Protein chains: 2
Amino acid sequence: MSIHGKASLPVIKRLPKYYRYLSNLSKDWHNENGHNKKDEQNISSSELARLMGTTASQVRQDFNCFGGFGQQGVGYKVDVLLAEIGTLLFGTEGERLPTILIGAGRLGNAVSSFIARDTNGYRLIGAFDVNPALVGKELMQGVTICPLGELEAFCQQHKPAVAVLCIPRQAAQELSDELVRLGIRGFWNFSHYDLSVVYPGVTVENVHLGDSLMSLGYRLRNE
Amino acid sequence: MSIHGKASLPVIKRLPKYYRYLSNLSKDWHNENGHNKKDEQNISSSELARLMGTTASQVRQDFNCFGGFGQQGVGYKVDVLLAEIGTLLFGTEGERLPTILIGAGRLGNAVSSFIARDTNGYRLIGAFDVNPALVGKELMQGVTICPLGELEAFCQQHKPAVAVLCIPRQAAQELSDELVRLGIRGFWNFSHYDLSVVYPGVTVENVHLGDSLMSLGYRLRNE
DNA sequence: TAGATTGTTAATCGATTAACAATC
DNA sequence: TAGATTGTTAATCGATTAACAATC
């Protein structure tokens with residue numbers, strides 16, 4: 001399936017949006033009555049494009065990066081497409097990425113429940129904080145907040161792949177060397193520190209909450 | 001200043017990053033000793049590019065969208081540049097965008113303190129939630145959580161420009177018509193609902209926390 | 001003046017869109 | 001078979017990078 005395999009970053013970033021729209025389409029279809037068990041839900045690139053506010057060309061180009069799973073004259077089977085994109089995004093069940101949370105304050109707390117509830121593909125296996133008042137608390141079922149001092153031993157034992165950073169910029173800066181050394185391959189970074197620049201070889205998704213809000217402000221004022 | 005004025009979206013999205021790097025440069029400089037009061041801190045496009053992991057060409061092209069504030073042979077004055085970009089991003093003091101928070105649960109709570117602490121250009125003036133247990137609580141100084149029923153009256157009186165959505169997807173879907181009708185011009189949307197598609201004429205910044213995490217997963221598994 | 005670095009134009013690169021032949 | 005829609009190649013568009021003349 002992913003042998004075609006030359007998906008560019010813009011394409012990859014669109015995958016979650018396809019996944020959302022297809023999920024909703026599938027949900028709506030299954031909630032409707034009167035479908036024969038053998039009925040197949042199909043959607044054409046042009047209809048999906050209309051819904052998502054893009055072009056049919058883009059939809060077809062994107063899907064073809066991963067191998068053609070459409071039917072000429074008919075369209076794409078929604079459930080097949082959904083499963084396909086789901087596997088691309090989340091891997092298979094056993095592949096969930098082991099993830100740790102650094103910083104379990106208010107933001108970390110909200111983000112951890114978000115990961116547990118609204119994402120697939122990740123498994124939160126540990127949480128760390130410098131604040132002694134938080135250490136020992138149970139962040140969620142099976143995850144107790146540990147002191148930062150235990151980070152190294154934990155990583156050696158459990159080999160997390162992803163770290164979610166909900167700490168001040170300064171702290172992220174000081175910790176980033178350490179985390180890469182401990183084998184972390186990806187970051188989801190809320191700390192306003194550009195890890196990507198420091199470690200160009202590591203896959204990093206800098207979220208920068210503030211950045212998006214700033215550019216929104218610019219656009220509201222100037223457009 | 002913004003008469004050159006043909007900044008494309010990619011350029012606008014880079015502005016916050018410039019702002020961060022220039023802030024740090026300025027901070028470091030002012031912390032150093034031995035500067036004469038009249039010393040000016042300059043930085044060349046190539047040095048800034050090296051720090052940020054981009055090219056000198058891009059830096060110069062970007063800055064020139066807003067009018068050239070460099071000095072040939074010398075570079076850019078850090079503080080001038082910082083003030084200039086700051087004004088672009090945040091407007092002037094009196095222009096802070098009046099903002100409301102919809103959904104004051106865990107995420108909303110974290111985000112509200114984030115807005116108060118780490119952003120400029122916004123002024124949180126109201127918060128709303130459907131949960132009666134939250135209504136009446138003081139979210140932060142001067143902002144008490146109101147029932148959603150008071151939204152319309154509030155908007156008519158205070159005319160907020162931006163809404164931050166920290167509510168479930170479904171709720172966002174139901175509320176979006178209403179919010180646009182009430183004069184909201186920009187959204188910072190954590191609800192996984194594509195407002196941008198519904199209202200192409202409205203400036204929307206969809207954050208989609210989950211999306212960024214999903215594409216990170218793809219890249220970790222496939223690259 | 002000589003050296004450095006900007007401002008700006010031109011070249012390149014990549015992503016999006018359009019077109020159309022293949023085929024269900 | 002005829003109609004529809006994909007898969008894929010070609011054309012367009014825009015953003016990034018390179019080059020260089022202007023100038024501090």
Side-chain angles (χ1 to χ4, degrees), chain A residues 1-15 17-18 22 25 38-81 84-85 196-197 200 215 219 223, chain B residues 1-15 17-18 22 25 39-81 84-85 196-197 200 215 223:
Chain A
M1 347 163 193
S2 63
I3 317 159
H4 278 235
K6 43 211 152 204
S8 63
L9 195 56
V11 176
I12 294 170
K13 290 197 169 169
R14 281 193 291 269
L15 287 179
K17 187 169 173 183
Y18 287 121
L22 291 166
L25 281 169
K38 278 195 137 184
D39 286 353
E40 287 277 16
Q41 182 190 20
N42 288 289
I43 189 149
S44 66
S45 55
S46 55
E47 175 63 6
L48 186 56
R50 197 188 54 77
L51 288 172
M52 295 178 59
T54 177
T55 64
S57 269
Q58 184 166 83
V59 170
R60 293 204 295 279
Q61 287 277 30
D62 285 357
F63 291 172
N64 271 44
C65 294
F66 309 103
F69 18 70
Q71 258 185 296
Q72 274 142 328
V74 180
Y76 298 85
K77 291 180 187 167
V78 171
D79 290 334
V80 170
L81 204 48
E84 204 66 50
I85 295 176
S196 52
V197 173
S215 35
R219 286 153 72 194
E223 274 169 22
Chain B
M1 345 164 193
S2 63
I3 317 158
H4 278 235
K6 45 214 151 201
S8 63
L9 195 56
V11 175
I12 294 169
K13 290 197 169 169
R14 281 194 289 270
L15 287 180
K17 187 168 171 182
Y18 286 122
L22 291 166
L25 281 168
D39 286 353
E40 287 278 15
Q41 180 190 22
N42 287 291
I43 188 149
S44 66
S45 55
S46 55
E47 175 61 6
L48 186 56
R50 197 189 56 76
L51 289 171
M52 294 178 59
T54 179
T55 63
S57 270
Q58 185 166 84
V59 170
R60 292 204 297 278
Q61 286 278 31
D62 286 356
F63 290 172
N64 271 45
C65 292
F66 308 102
F69 17 68
Q71 258 186 295
Q72 274 141 327
V74 179
Y76 298 86
K77 289 181 188 169
V78 171
D79 290 334
V80 170
L81 204 46
E84 203 65 50
I85 294 176
S196 51
V197 173
S215 37
E223 274 169 21

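The shown structure was predicted, so the numbers you read here are calculated from the model rather than taken from an experiment. Naming convention: chains lettered A, B, ... in sequence-line order (proteins, then strands); numbering from 1 in each chain.
Summarising the geometry, the separation between CD on B/Q61 and P on C/dA11 is reported as 14 Å, rounded to the nearest angstrom. Taking atom CD of residue A/Q71 and atom P of nucleotide D/dG7, one finds them 10 Å apart after rounding to whole Å. Nucleotide D/dT16 holds its C1' atom 10 Å from the CG atom of B/D62, rounded to whole Å. Between B/F69 atom CZ and C/dT5 atom P there is a gap of 19 Å when expressed in whole angstrom units. The nearest whole Å value for the distance from the CZ atom in B/F63 to the P atom in C/dT5 is 15 Å. The separation between A/R60 atom CZ and C/dA19 atom P is 12 Å, rounded to whole Å. In this structure, CD of A/Q58 is placed 11 Å from P of C/dA18, rounded to the nearest angstrom. As rounded to whole Å, 10 Å separates atom C1' of C/dA4 from atom CD of B/Q72.
Residue B/S46 is out of contact with every strand shown, counting any heavy-atom pair closer than 4.0 Å.
Between B/T55 and the phosphate of D/dT17, there is a side-chain N or O to OP1/OP2 separation shorter than 4.0 Å. Look at A/Y76 and you'll find a side-chain N or O under 4.0 angstrom from OP1 or OP2 of D/dG7. Look at A/R14 and you'll find a side-chain N or O under 4.0 angstrom from OP1 or OP2 of C/dT16.
Along DNA chain C, the nucleotide closest to B/A56 and the one closest to A/P10 are compared, and the more 5′ of them pairs with B/A56. DNA chain D is contacted by both B/T54 and B/V74; B/T54 maps to the nucleotide lying nearer its 5′ end (nearest heavy atom per residue). Comparing A/G73 and A/S57, the nucleotide of DNA chain C nearest to each residue sits closer to the 5' end for A/S57.
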message: For B/S57 and B/T55: C-alpha separation, side-chain torsions, deciding distance, then whether side-chain hydrogen bond (donor to acceptor under 3.5 Å, both in side chains) applies.
response: CA-CA 5 Å; B/S57 270; B/T55 63; 5.1 Å; no
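Nearest heavy atom pair, residue B/S215 against residue A/K13, reads CB-CA, 4.3 Å. Among all heavy-atom pairs drawn from A/M52 and A/K17, the shortest one is O-NZ, 3.4 Å.
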message: Both atom distances under 3.5 Å, Watson-Crick or G-U wobble: I'd like the secondary structure of DNA chain C as a dot-bracket string, with | for pairs made across strands.
response: ..||||||||||||||||||||||
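No side-chain donor-acceptor contact under 3.5 Å links A/E47 to the backbone of A/G75.
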